[in-house]
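So that the names make sense, note that chain A is the first sequence line, chain B the second, and so on, each numbered from 1.
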There are 2 protein chains.
Amino acid sequence: MSRYTFTEENYLKAIYFLSQDAEKGVSTNAISESLETKPSTVTEMLRRLREKGVLHYKKYQGAELTEEGEKVAISTVRKHRLWECFLVDKLNFGWEEVHDIAEQLEHIQSRQLTDRLEEFLGFPKYDPHGDPIPDKNGVFPHSSDLSLDNCKPGQTVKVRGVKDTSPEFLKYIAKLGIGLGDDIHILEIEDFDHSMMIAVHGKKLQLSSIACKNIFVQ
Amino acid sequence: MSRYTFTEENYLKAIYFLSQDAEKGVSTNAISESLETKPSTVTEMLRRLREKGVLHYKKYQGAELTEEGEKVAISTVRKHRLWECFLVDKLNFGWEEVHDIAEQLEHIQSRQLTDRLEEFLGFPKYDPHGDPIPDKNGVFPHSSDLSLDNCKPGQTVKVRGVKDTSPEFLKYIAKLGIGLGDDIHILEIEDFDHSMMIAVHGKKLQLSSIACKNIFVQ
DNA sequence: ATATAAATTTAGGTTTGCCTAAAAATTTAC
DNA sequence: GTAAATTTTTAGGCAAACCTAAATTTATAT
Ligand SMILES: [Mn+2]
Ligand SMILES: [Mn+2]
Ligand SMILES: [Mn+2]
Ligand SMILES: [Mn+2]
């Protein structure tokens with residue numbers, strides 16, 4: 001993994017995320033939109049990145065990252081999310097303020113810096129928005145590691161599964177309007193019983209600590 | 001103080017330091033050497049920076065920063081030194097390892113980030129090499145500019161910083177067991193080469209006059 | 001004072017990343 | 001299955017930073 005420019009890392013990161021939903025090659029237009037550059041600029045960059053060996057690309061057929069390309073993308077995601085943790089946990093920024101600063105910090109090149117930052121932060125598994133942080137080998141934590149009761153007010157997390165799969169529990173959360181893939185925004189945690197006030201689909205509702213322990217999030 | 005590129009900040013910082021000793025305009029060659037670019041590149045950049053209003057420059061007459069230019073330079077120095085403190089104090093880097101990483105971090109643009117970092121670090125007045133850190137208004141703390149070679153036998157002085165911050169020199173004095181805050185007792189000065197016999201931590205050792213000139217004391 | 005040397009600028013190129021406008025390929029619509 | 005719409009690529013340019021080689025200006029030395 002040699003050195004990549006600011007811009008190259010941004011392209012690789014964008015293609016990495018876009019290729020998660022679309023299973024074919026990532027389209028020129030999709031990249032263009034995501035990076036707010038013109039499609040012609042993207043075409044040119046794709047040719048350059050292909051020559052560097054970080055992606056496969058044939059005219060009109062979209063792009064797919066190579067192993068090396070994915071490694072660079074994941075490393076950039078890792079840096080981005082670790083810095084977001086730093087900004088929120090150590091410098092007391094709000095979770096909504098940190099993205100743009102992390103967009104800059106994610107391009108600092110020093111393997112040692114990233115690894116020591118991770119250690120300093122106590123090896124966090126998720127960033128302030130609940131997104132998983134890959135380890136130094138590029139391995140993401142399994143989402144089932146994190147249940148809702150381990151999250152903090154201010155976080156927004158995605159429902160990834162349930163621990164209790166009984167019909168009673170599933171019916172209960174379905175009635176509340178909570179389903180797989182939904183975003184839960186944590187508003188407040190009651191001190192005395194650890195129940196949570198949350199917002200889902202714009203609706204405010206209360207969840208007991210027992211319910212929270214049974215919802216896996218990411 | 002609008003936004004400046006990575007490169008512009010580096011030029012302004014270099015000119016700022018160079019204009020501290022040379023009281024006339026800073027020469028093209030001096031900048032070229034300090035930034036390891038060719039003189040012709042510097043000439044071109046000086047014209048551009050003049051148009052931006054950050055320095056005065058007339059053909060063959062060298063460059064001088066305007067108030068705005070100096071503000072940018074000092075702000076960059078501030079960021080550089082605060083990040084060096086962070087790396088040493090919080091991430092346990094050695095003081096000889098941090099300069100290159102700080103060269104990158106100093107260009108992150110967020111006033112808020114810099115100020116909160118400073119607060120997180122406890123408003124340090126000096127970086128790990130003993131260099132003074134300007135406050136958010138660009139004001140430097142008063143720093144002693146007394147170097148060891150100006151001291152006399154019999155004196156005991158405290159190490160406050162180094163003039164030469166190269167890894168070679170830092171490693172050298174680290175090997176000798178000399179660090180920030182250490183007490184140096186001057187035993188004898190050799191007449192013929194002005195080398196010093198000193199005692200640190202109870203150990204006797206010899207320092208060349210070149211080494212002595214590069215150690216700031218108080 | 002003139003010749004030589006050194007410093008600086010000019011001229012002409014390169015690479016990275018971006019743009020607009022036009023052409024070509026692909027997809028969709030009838 | 002062709003025509004229209006959309007997507008993508010090509011062609012040609014531009015700005016920031018860099019370079020080499022050739023002038024030009026300034027400094028130095030006899
Ligand atoms: Mn983010
Ligand atoms: Mn980015
Ligand atoms: Mn430094
Ligand atoms: Mn720098």
Can you give the donor-acceptor pairs under 3.5 Å from side chains of residues 130-141 of chain A to other protein atoms, not counting sequence neighbours?
| unit_1 | atom_1 | unit_2 | atom_2 | d |
| --- | --- | --- | --- | --- |
| A/Asp135 | OD1 | A/Asn137 | N | 2.7 |
| A/Asp135 | OD1 | A/Gly138 | N | 3.1 |
| A/Asp135 | OD1 | A/Val139 | N | 3.0 |

If you measure only the distance, is there a donor-acceptor pair under 3.5 Å linking the side chains of B/Ser195 and B/Asp193? yes

Tell me whether the side-chain N/O atoms of B/Arg47 come closer than 4.0 Å to OP1 or OP2 in C/dT10. yes

What residues form a side chain to side chain contact (heavy atoms under 4.5 Å, CB included) with A/Phe17, not counting sequence neighbours? A/Lys13, A/Gln20, A/Val77, A/Arg81

Just to be sure I understand the geometry, which residues of residues 24-33 of chain A put a non-hydrogen atom under 4.0 Å away from DNA chain D? A/Ser27, A/Thr28, A/Asn29

Between C/dG17 (C1') and A/Leu46 (CG): distance, integer Å: 13 Å

Write out all pairs satisfying side chain to side chain donor-acceptor pair (under 3.5 Å) with one or both partners inside residues 39-57 of chain B, taking only residues at least two apart or from two chains. B/Glu8-B/Lys52

To the nearest angstrom, how far is A/Tyr57 atom OH from D/dT8 atom C1'? 7 Å

Please check the phosphate of D/dT26 (OP1 and OP2 only) for any side-chain N or O of B/Lys59 closer than 4.0 Å. no

Considering residues at least two apart in sequence or located in another chain, which fulfil the side-chain hydrogen bond (donor to acceptor under 3.5 Å, both in side chains) criterion with B/His129? B/Glu84

With sequence neighbours left out, the residues meeting side-chain hydrogen bond (donor to acceptor under 3.5 Å, both in side chains) with B/Glu118 are B/Arg78

Contact state string [nucleotides 11-23 of chain D, B base, S sugar-phosphate only, - no protein heavy atom under 4.0 Å]: -----SBBBBB--

So, using side-chain hydrogen bond (donor to acceptor under 3.5 Å, both in side chains) as the criterion, who are the partners of A/Asn92 when residues are at least two apart? none

Tell me, please, which residues at least two apart from B/Lys158 pass side-chain hydrogen bond (donor to acceptor under 3.5 Å, both in side chains). B/Asp183

